[in-house]
Structure formats: C-alpha cells, structure tokens
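Only one structure is covered here, and it is reproduced in the block below.
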Amino acid sequence: MGRPISAMSHMDGLEMLDPISTSSMTTLTPMSETPSHMHSYGMNHVMNHHHHGGPLSGHSAPGHHPGHHGGHPGAHHPAMAAAAAAAAVAGLHPDADTDPRELEAFAERFKQRRIKLGVTQADVGKALANLKLPGVGALSQSTICRFESLTLSHNNMIALKPILQAWLEEAEAQAKNKRRDPDAPSVLPAGEKKRKRTSIAAPEKRSLEAYFAVQPRPSGEKIAAIAEKLDLKKNVVRVWFCNQRQKQKRMKFAAQH
DNA sequence: ATGCATGAGTT
DNA sequence: ACTCATGCATA
C-alpha cells in the first residue's frame, strides 16, 4: 500500500520506523509525528535530587547550588549581562562559579594535582567521605572521572566543584606534612547480587542512533515498536533513549563555551 | 573511560 | 514516563 502524499499529516509512527533502511529516502520523514501530548521541557529548572549513596543534593550542596538549569545558553549579551548583575544584587550569585571556562580550568588543575599526589580517582571518591563535609559522602571512581573530563551536566559540575576543591586542599596540606594515619578499616564486602549490563550490538546501536536523530523522544508505543524491530527489551530501548538524551546535554558539547 | 541501570523527585 | 545525579560492570 502506498501512502498518499496528501495523507502525510498523520503518519503512523511505524511508517517511519526505518531511518536507515536500504532505500535512500523514501519512507524517511524526519518530521514530526505529533503524539497526543506534546509537552516539551527540553530544559526545565534543575532541582537536584539524590538517592542511595548520593552525597549531593542540589539544595543542600555545601556551597549552594545554582537555581539554574543544566545547560543554559551562555550570558554574553548586554541584556543578559545586566540580568546577571541584577541577579547578583538580588542575592543570587554572579556567575563566576558557574562559568564553564572556570569549571573547565578547575577540572584540569584538579586532575593534574591529583595525579601529582599519586592518588587515583577511586581514592578521591572514597576520601571524600573522610572529609566529613556535611551531607557529603563518598563518590565513585566514575563520577570523579566524569568530573575531570567534564562529562557531567553543568549543574552537577558546579555542585561537585567545591567538594573536590576542599579535598584537594586538604590532600595537599597533608602531603606537605607527610601525614599518615594508622587506620585500617578493611571492611571488605560480602557477596551480593551482581548487576548485569546488557550489551547492545553495533548494528542495533546504529539503528537506535538513527531513530534518535529523527525523534529523540519517541512515545512509549514507538519505543515498543523499535524494541521489537531490533529484538531488544522495551526497557532497554527506553533507557537507551534516556541515557542518550543525558549524554547530549553534557558540558563538552553543551553550547556554552 | 564509558555503557547501561537505578532511584528520587518532577512534570 | 521523564530528568538528573550517580554507580556497577565492563571494554
């Protein structure tokens, strides 16, 4: 069956469910599909949250958090500069702490000095708990790594910076005094359930990327259709899209600097 | 270093 | 059902 051009106002999601098929450009329609509800919070206000081992919580992060969104456009316009000044006067921070370049510079210094101290990312993560900063516990190696490589959201970077800065200062102070504490916790764990990580094969991944390019937020039904077509669990596909969106918002590429 | 996953809090 | 911060598992 063909699809009359005049009827393309409401294509079934499945009609365009083949962004990378053999045909060059027949069924490919990178246009909207208009779900029943189209709310777009592409960039909502960032209220930080925390959970299990998370030491950070946006509104309780030591050193304040920005009441901003994760990845807002830079303020390099006269009007925006004025707004920034107004904000500063209003009690909100100017934005020296939120300046992407400052964060980038700090991240680099941090990594450099951390290595100089001969400390691994994992070590830093654990050491944070010993720092006893209110509301700050340990962090994983992953997080430290992501901080150093700026692969975190803008807000996350801002929240973590003061904490890591505190650790760095303490660490360098102790290094100077050649301190050593006779502590030996060694509370080694007991075998727990291992979490499994499903691996999406390259071909499937390429398809997902193609779908993402045309529709970053597919509806539940489309996700189901994609999942079936690629023979993946619906949840795996849903999570993949979520992670892909997060990835797209990371500092590295966020149009800030 | 990075992919896939969880969970709290929102929308 | 989503975003965001974060982490386990793995390349």
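Each chain gets a letter, A, B and so on, in the order the sequences are listed, and its residues count up from 1.
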So, are A/Arg114 and A/Glu148 salt-bridged, with charged N and O less than 4.0 Å apart? yes

Looking at C/dA5, B/dA1, C/dA9, which one has an atom nearest to any side-chain atom of A/Arg197? C/dA9

I'd like to know if A/Lys161 and A/Glu102 make a salt bridge, using a cut-off of under 4.0 Å between side-chain N and carboxylate O. yes

Return the residues of residues 116-125 of chain A meeting this criterion: a heavy atom under 4.0 Å from some atom of DNA chain C. Order them by number, or give none. none

Counting only heavy atoms not in A/Glu108 (residues, nucleotides, ligands), do more than 12 fall under 6.0 Å from its CD? no

Nucleic acid contacts - residues 230-242 of chain A versus DNA chain C, non-hydrogen atoms under 4.0 Å: A/Arg238, A/Cys242

Between A/Ser142 and A/Ser199, whichever has its closest DNA chain C nucleotide further toward 5' is A/Ser142

OP1 or OP2 of C/dA5 versus the side-chain N and O atoms of A/Arg146: is any pair under 4.0 Å? no

Between A/Gln246 and A/Gly220, the residue closer to the 5' end of DNA chain C by nearest nucleotide is A/Gly220

Does A/Thr98 offer a backbone N or O that forms a donor-acceptor pair with the side chain of A/His154 under 3.5 Å? yes

With rounding to the nearest 0.5 angstrom, report the CG to CD1 distance, A/Leu232 to A/Ile223. 12.0 Å

From the options C/dG7, B/dA1, C/dT6, select the nucleotide whose nearest atom is closest to the side chain of A/Cys145. B/dA1

Please state how far atom CG in A/Leu128 lies from atom C1' in C/dT6, giving the value in whole angstrom units. 13 Å

To the nearest Å, give me how far apart NZ (A/Lys222) and P (C/dC2) are. 13 Å

Between C/dC4 atom C1' and A/Ile158 atom CD1, what is the distance in whole Å? 14 Å

With a 4.0 Å limit, can you tell me whether A/Lys194 has a side-chain N or O closer than that to the phosphate oxygens OP1/OP2 of C/dC8? no

Atom pair distance, as rounded to whole Å: CZ in A/Arg250 and P in C/dA5: 11 Å

Euclidean distance, atom CD of residue A/Glu204 to atom C1' of B/dG3 [Å, nearest integer]: 15 Å

Side-chain contact check for A/Gln141: nearest option of B/dT2, C/dC4, B/dC4 is B/dT2

Side-chain N or O of A/Lys247 versus OP1/OP2 of B/dC4: is the shortest distance under 4.0 Å? no

Write down the distance between CG (A/Asn243) and C1' (B/dG7), rounded to a whole number of angstrom. 13 Å

Can you identify which nucleotide, out of C/dC2, C/dT10, B/dA1, has its nearest atom closest to the A/Arg245 side chain? C/dC2

Between A/Thr143 and C/dA5, does any side-chain N or O lie under 4.0 Å from OP1 or OP2? no

Verify the contact: side-chain N or O of A/Asn156 to OP1 or OP2 of C/dT6, cut-off strictly under 4.0 Å; return yes or no. yes

Can you get from A/Leu131 to A/Ile144 by hopping between Ile, Leu, Val, Met, Phe, Trp and Tyr side chains that sit under 4.5 Å apart? yes

Can you give me the closest heavy-atom contact between A/Pro218 and A/Arg245, atom names plus distance? CD-NH2, 4.4 Å

In whole Å, I'd like the distance from the CG atom of A/Leu152 to the C1' atom of B/dT2. 12 Å

Check whether any side-chain N or O of A/Ser149 sits under 3.5 Å from a backbone N or O of A/Cys145 as a donor-acceptor pair, and report yes or no. yes

In whole angstrom, give the distance that lies between atom CZ of A/Arg217 and atom C1' of C/dC4. 13 Å

Should the heavy atoms of other residues, nucleotides or ligands under 6.0 Å from CD of A/Glu228 be counted, would the total exceed 12? no

In terms of the angle between their ring planes, are A/Phe212 and A/Trp240 parallel, tilted or perpendicular, with boundaries placed at 30° and 60°? perpendicular

Should A/Lys205 be listed as having a side-chain N or O under 4.0 Å from OP1 or OP2 of B/dC4? yes

